[in-house]
Number of protein chains: 2
Amino acid sequence: MAPISKKPRANPTLSREAWVLAATNLLAREGLQAVAVEPLALALGVTKGSFYWHFKSRNELIQAVLEAWEQDQSADVATRYGGIPDPHRRLRVLLFAAFEDVENGKLFAALTVSAQDSRVEPALRRATERRLALGLEAFQALGLSEEEARQRALLAYAAYTGYFQLLRTTPEAVEAVTDLSGYVHRLADALVPEPPT
Amino acid sequence: MAPISKKPRANPTLSREAWVLAATNLLAREGLQAVAVEPLALALGVTKGSFYWHFKSRNELIQAVLEAWEQDQSADVATRYGGIPDPHRRLRVLLFAAFEDVENGKLFAALTVSAQDSRVEPALRRATERRLALGLEAFQALGLSEEEARQRALLAYAAYTGYFQLLRTTPEAVEAVTDLSGYVHRLADALVPEPPT
DNA sequence: TGGCAACCATACGCGACCGTATTGAATCGG
DNA sequence: CCGATTCAATACGGTCGCGTATGGTTGCCA
């Protein structure tokens, strides 16, 4: 038998990151109001006592979750977006990448739900601004006017937001459309003018 | 001086409908969790005592709000949609009407936020199903295949949902697109094939 | 082996909101 | 004018989650 010491301490001890991770998952699945200290502790098999050793408050946990989210948002964009020279391809890659990352889409939808929250709001606003700016730029690179590019960017972003919102609220309705990539294709075709053959 | 009786009873007495109306407004502005009995009573200048005379519970109030909403959803569709013979016009009218009703759009967005709630979920699901079915039908009337019509309907609905969600979370971002009708035009043009000139 | 630091449990007080009871005041029909 | 009805205030007990205080284990290290 392995020399299990008296109390294996369930988990070899919880790290701050473990709390943040668990909180993020809970947030994505059940929303911000669900990321509460006591229930979270219960789910992790410990009590509040542990939590308040790692964090000053629930507020601090939420801030940490949001920071982590914003971090790998930027990271993602940087890697995926990279420098695709052809503007048509770049735009389509952008669209497909966005819709394919379902996990992130769900998390984003969950955050949108709590947009009223004073901690969530700034993070969400920054994300939205970045994304819309990226879209604007991408559409302008196609030769569209600013106004037109702005409209299409908003349209694309609304379609993104709405898609994951619907996926959250009424998954059955979305799944009735059997083919996601067909959906995104349609979106891309509707928004991205034909390349100059 | 007008013969003000001893206690003019602030408001000439609150009706059940007044509570429902106030709750609906609060819901649209601050979400479901904000429609709480005590705060609501405070806002109306009375106390819980009054509320629990008109309603059995908070739950009953919420049900009432949802029922009222579903009621005039159907009513709206019936009147607006009416029988426009030409499928192209019908579809465009539908789209414009949906985006123009900002009040209802905001209320819808607020409900979407609380889609997890066991009372909201069914109402929201029914609304979504009705709307998608309407969209499917309208696109099929243009001669599109079912699959294609389904995709476009979902796209249009996602754009609708997402638009009002963005309006809720980050109004500045939306307002940067100066022209709403331009936006909707773009959406319509992208989705509705040219009429057979 | 004593001691300190990391990690966690337990117990408590607090505020917000729900729902219940009970009482009070205005109003209307007879 | 009076009693019943309608509407509302007050006071209470209960739940859930936050945050604090305090004490208990474990592990490492001198």
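- When the nearest nucleotides of DNA chain C are assigned to Ser15(A) and Pro39(B) by heavy-atom distance, the more 5′-ward of the two goes with Ser15(A).
- Rounded to an integer number of Å, the gap from Gln33(A) CD to dG17(D) C1' is 13 Å.
- As a whole-Å value, the separation of Tyr52(A) OH from dC14(C) P is 16 Å.
- Distance from the side chain of Ala36(B) is smallest to dC18(C) among dC7(C), dT10(C), dC18(C).
- Relative to the side chain of Ser50(B), the nucleotides dA9(D), dA9(C), dC17(C) differ in distance, and dA9(D) lies closest.
- The existence of a salt bridge linking Arg130(B) and Glu70(B) is confirmed by a sub-4.0 Å separation between a basic side-chain nitrogen and an acidic carboxylate oxygen.
- Applying the ring pair (Phe, Tyr, Trp, His ring centres under 6.0 Å) criterion to Tyr157(B), with sequence neighbours excluded, gives no partner residue.
- Ion pairing between a basic and an acidic side chain is recognised when a charged N comes within 4.0 Å of a carboxylate O; Glu60(B) and Arg16(B) show such pairing.
- Asp101(A) approaches Phe164(A) most closely through the heavy-atom pair O-CZ, 4.2 Å.
- Residue His54(B) has a polar side-chain atom (N or O) positioned under 4.0 Å from OP1 or OP2 of dA8(D).
- The interatomic distance linking Arg58(A) (CZ) with dC16(D) (P) rounds to 16 Å, in whole Å.
- Between Gly49(A) and Val35(A), the one whose closest nucleotide on DNA chain D sits nearer the 5' end is Val35(A).
- The nearest whole Å value for the distance from the CD atom in Glu38(A) to the P atom in dC14(C) is 16 Å.
- Taking the ring pair (Phe, Tyr, Trp, His ring centres under 6.0 Å) definition, one finds that Phe108(A) meets it with Tyr160(A), sequence neighbours left out.
- Here dT6(D) presents its P atom at 18 Å from CZ of Phe51(B), a figure rounded to the nearest Å.
- Distance, Leu42(A) CG to dC18(D) C1': 16 Å, rounded to whole Å.
- When the P atom of dA16(C) is taken as reference, atom CG of Leu40(B) falls 17 Å away, rounded to whole Å.
- In this structure, the CG atom of Asn59(B) is 12 Å from the P atom of dT20(C), given to the nearest Å.
- With distances taken from any side-chain atom of Val37(B) to the nucleotides dC18(C), dG17(D), dA8(D), the minimum falls on dC18(C).
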